[in-house]
Amino acid sequence: MNFLNYQSSIKILLKNHNSCSLVNADGLLLYSKDLNHELLTTSRLVAFQIVKKYLSPKPQDFFVLNDPENGGYQFSKLIFIFCLNSNLYLIWDENNFYIDFKIPPTPLFEQGIKNDFVWQALIHKNKYSTELENFFDFQKNNMDRILKLNDLLNLVTSHKNQQIWLSTTNEIFSIQFSSKAHGGHEAQYPALKNQLIKLKFSAEEKQNQKLITLDFTHTGPACEIHAASHIIESVLVKKIIDFYQIDDFFTQSVLDKIKIILPPRSIVSKSHATGDYNLELQSVCSQLCEHNMKQLNSHTRKTQAVFEYANYLNFELSIDNCHTTNIFSTLHSQLNKFENLISAHFITLTKMTRIDATYCLNFKINTDLPAHLNIKNNYLVEKSTNSIKLNDKILARGPYDLSKNDSVEIVWG
Amino acid sequence: MSKPAIALYLGESYAHIGLYDTPFDTSKTKSFAAYFEKSIFLPQVSLKNLLHQTQLKIQEYFKDYTSDVPVYIVTKYFDRLKQFRLGGSISQVILKGFENSYTISDSRHLSLAASQLIISLDKSEFTENFLELEFNRIKKINPDLNKVVISIPEGHLTSDQIELLNNFFTTREIKIFNCTRAHDQAQLRKTLLNAGSEGIKEEILSDIKEAFGKNTIVNFYCNNGFQSVFENCELFTSSTNFLANFIESSKYQHGAYFDIESLKFIDLTKKNQWLGPWGSIPLEHRNYADLCINPYSEVKLNHLSILQIETRTQQLEPGPVVAGRAMKLLVIDLFYNELLNNNLSKSLFTQLPQEILKSKIQNLFSVLEKGQKNPSLFTFIHDLKKNIHSALLNEVCSYSNSEKTLVFGPLSDVFIPARSSQIFSWPNEIIATAMKAQ
């Protein structure tokens with residue numbers, strides 16, 4: 001077997017998933033991809049370890065969980081674990097905004113047989129039972145499709161092939177590690193007043209051991225804002241594999257070379273009951289990590305280069321059953337399903353422009369149906385004109401109920 | 001009385017034409033013999049040239065025929081636009097406060113109109129003088145500007161103002177594209193795409209009318225069969241809709257299509273939104289997916305000195321090495337030996353049997369093979385080819401979900417030799433479908 005053959009086989013198996021990880025029975029990561037805005041690689045691995053430890057999965061067992069305090073990300077982000085065979089597990093995540101409650105690790109199917117009790121409690125009693133049933137059936141159908149690809153599964157499951165693949169990716173990491181600068185760099189960012197997030201990045205080779213260390217020592221203790229360690233780790237490993245250009249070869253061999261030091265019960269290690277700050281802290285840590293790596297590898301390196309955080313605005317707008325997730329950043333705007341609100345006449349646009357890099361989006365609520373706005377991050381920065389206003393009043397992070405004729409104005413640039 | 005008809009497949013990189021005698025009884029015959037059939041590789045031979053040759057054949061075979069010849073076209077040619085931002089010669093008339101609104105939903109998509117060519121209207125300031133000033137401004141930016149998209153929500157202008165607006169552009173020979181639902185951003189994208197692809201459609205029509213007469217009725221295959229009146233954006237799904245129709249008429253639910261320029265999996269599901277590189281557009285079409293490998297993708301050494309198939313870009317110009325001129329190896333070049341026995345490739349790539357071309361390809365692949373620095377990451381060219389075969393076979397299986405899949409297309413014997421395939425000839429299928437509908 002050629003390693004390219006192994007890689008293309010995994011890609012065909014996982015082509016319907018944007019955010020997933022493949023692990024073997026020993027918990028070794030064989031492949032991972034994160035194409036969504038939220039990054040979950042290590043969260044998925046934690047979820048797998050929890051299920052493996054407490055529920056001893058058997059072939060065709062199918063689990064779901066979403067508890068942000070136990071391996072999850074947020075309630076609407078469902079993490080699925082499916083045992084493809086005794087040496088292969090697929091873990092993936094999908095959004096479902098009808099779920100707004102905690103789901104501990106729960107078996108949806110046991111050895112391919114539907115767990116009627118769970119479906120009754122989780123799905124059939126729900127207000128949106130039809131939508132949820134379709135959603136869960138779709139996830140299971142995807143697994144049934146994969147189970148039919150025997151040749152591919154056998155190739156990917158084979159212990160010998162896994163060893164070849166892991167050893168190849170180890171070699172690829174070594175090549176790329178050697179092509180980048182060695183040494184260290186650190187930066188910090190005040191998440192709140194007097195609450196610093198400090199990150200020191202170092203890439204070193206000692207006694208033939210190549211190691212990337214991300215050290216958050218001296219980061220402030222958790223108070224208002226915090227996220228679980230696996231949330232932070234997910235974004236850091238993603239940043240590293242992108243920077244070292246090994247995203248197609250990201251396996252346990254790479255993961256073993258990354259050491260992340262997180263002070264206990266700090267901003268970057270204490271889980272949050274609803275995961276409200278996950279994306280925000282992922283963004284900060286991702287930028288800190290990138291800044292450090294760029295500085296370390298820059299030919300015109302400044303010894304005292306100051307880290308500048310590129311802020312963004314993340315808000316959810318939901319009217320009746322229509323849920324939208326929206327992001328304005330310095331690089332781009334991404335309004336997921338927002339146009340559905342316009343075509344359903346739930347909102348009336350009064351302004352929608354993009355001139356140079358400045359976005360303006362103004363709209364009025366046009367319905368008596370329940371409407372909610374949730375600003376997910378602290379986007380407000382001193383001396384910035386960026387804002388989101390409700391009836392001319394600037395809004396901060398948090399949830400807001402909207403009524404008919406309410407006017408929302410967003411300026412971002 | 002016999003009457004000539006032309007069937008043309010106009011792909012991104014090649015065209016295949018057939019000249020037929022009609023009508024024929026489709027209930028009695030399933031296959032039709034073309035009086036004349038030819039395929040050309042577009043980077044080397046122009047469409048105009050092919051059409052001219054066909055016209056000469058019409059004069060030869062249909063001496064007494066004096067009327068215009070109907071032309072039936074299935075096209076993939078518009079996919080060429082997919083790499084580009086559009087709208088360099090399109091102005092937009094929109095309400096002030098809605099500039100570039102269609103881009104905000106996802107600013108990563110390619111743009112469909114140039115920001116500098118926008119005329120923003122404020123109802124209170126709207127006069128002919130204002131229009132004149134704005135028009136002069138944008139004409140200075142692009143003197144070749146010849147199309148305008150008008151997107152003003154209903155009720156914002158009086159009927160007199162709308163008439164003034166339309167007359168203003170009509171008298172200046174600017175083609176108008178109206179967006180009827182101005183606040184519907186997907187609809188606006190659709191109108192902009194119709195305007196942005198007008199030029200390429202006009203070029204094709206002009207070539208055809210120059211060859212066969214100005215009154216020639218040109219029918220493009222759209223969602224509902226061959227039509228002479230359609231929206232330009234419908235041409236982006238012309239070929240996949242036609243292939244879906246072929247799959248359906250062959251009594252299958254889905255099919256895998258193998259061509260020189262695309263490998264696709266197509267099913268009969270209808271979708272209402274089409275996601276192109278410019279964002280989502282309301283366009284009913286049959287569901288399809290590109291397979292993991294494109295024949296025009298480059299085979300190269302990546303940053304790790306590993307043999308890799310570049311997935312992002314397609315090298316249509318100058319095409320593959322087998323076409324004769326290129327120096328960059330593409331996926332299709334890996335299948336040189338198989339192409340020697342393939343009818344379509346033999347007619348497109350006339351230099352194929354030449355010994356010198358064979359050595360050139362061998363040398364180029366040898367250079368690639370030897371360029372791999374790390375012995376443990378080494379891949380033989382024949383292994384890469386084997387990987388492609390198995391990946392395509394596995395991917396087709398993964399889509400078909402154990403149901404039977406129709407395997408067809410001019411290069412199915414090259415890319416998926418393990419599966420038996422159905423005979424498929426573009427001109428024959430086009431003329432059969434066109435005649436069936438009559």
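As a basis for the values below, the full set of heavy atoms in this structure was taken, side chains included, without hydrogen atoms, waters or symmetry mates. A, B, ... follow the sequence lines: proteins, then strands. Residue 1 opens every chain.
When B/Gln185, B/Arg189, B/His183 are each tested for a side chain to side chain donor-acceptor pair (under 3.5 Å) with A/Glu339, only one passes: B/Arg189.
Interface remark: A/Ile175 contributes side-chain atoms only to the contact with chain B (heavy atom separation under 4.5 Å). Contacts between B/Phe378 and chain A at a heavy-atom distance below 4.5 Å involve the backbone alone (N, CA, C, O). If you measure heavy-atom distances from A/Glu171 to chain B, the contacts under 4.5 Å come from the side chain alone. With a threshold of 4.5 angstrom between heavy atoms, A/Thr168 approaches chain B through its backbone and through its side chain. Contact of A/Leu149 with chain B is made through the side chain alone, with heavy-atom distances under 4.5 Å.
Counting heavy-atom neighbours within 6.0 Å of B/Glu125 CD, excluding the residue itself, gives a total above 12. The number of heavy-atom neighbours closer than 6.0 Å to NZ of A/Lys15, taken from other residues, nucleotides and ligands shown, is above 12. Atom CD of B/Gln253 is surrounded by 12 or fewer heavy atoms from other residues, nucleotides or ligands within 6.0 Å. Crowding of B/Lys385 atom NZ: a count of heavy atoms from other residues, nucleotides or ligands under 6.0 Å exceeding 12. By the neighbour-count criterion of 12 heavy atoms within 6.0 Å, atom CZ of B/Phe130 is densely surrounded, having more than that number from other residues, nucleotides or ligands.
Per-residue heavy-atom pair counts under 4.5 Å with chain A were compared for B/Asn374, B/Asn302, B/Asp184, and the maximum is reached by B/Asn374. Comparing A/Ser179, A/Ser9, A/Ser333, A/Ser167 by heavy-atom pairs within less than 4.5 Å of chain B, the highest count is held by A/Ser333.
Rounding to the nearest 0.5 Å gives a distance of 12.0 Å between CZ of B/Arg181 and CD1 of A/Ile342. With values rounded to the nearest 0.5 angstrom, A/Thr350 atom OG1 is found 6.5 Å from B/Phe98 atom CZ. Atom CG of A/Asn5 is separated from atom CD1 of B/Ile388 by 11.0 Å, given to the nearest 0.5 angstrom. Taking OG from B/Ser376 and CD1 from A/Ile164, the interatomic distance works out to 11.5 Å, rounded to the nearest 0.5 Å. Between atom OG of residue B/Ser400 and atom NZ of residue A/Lys148 there is a gap of 9.5 Å, rounded to the nearest 0.5 Å. Rounded to the nearest 0.5 Å, atoms CD1 (A/Ile172) and CD1 (B/Ile306) are 4.0 Å apart.
Interface with chain B: from residues 351-360 of chain A, residues A/Lys351, A/Met352, A/Thr353, A/Arg354, A/Ile355, A/Tyr359, A/Cys360 qualify, criterion being any non-hydrogen pair under 4.5 Å. Taking non-hydrogen atoms and a 4.5 Å limit, the residue list of residues 99-114 of chain B in contact with chain A, ordered by number, reads B/Glu99, B/Asn100, B/Ser101, B/Thr103, B/Ile104, B/Ser105, B/Asp106, B/Ser107, B/Arg108.
Minimum interatomic distance between B/Thr379 and A/Phe3 (heavy atoms only, all atoms of both residues): OG1-CE2, 4.0 Å.
Two residues are said to be in side-chain contact when any heavy atoms from C-beta on lie closer than 4.5 Å; A/Lys11 and B/Cys292 fail this criterion.
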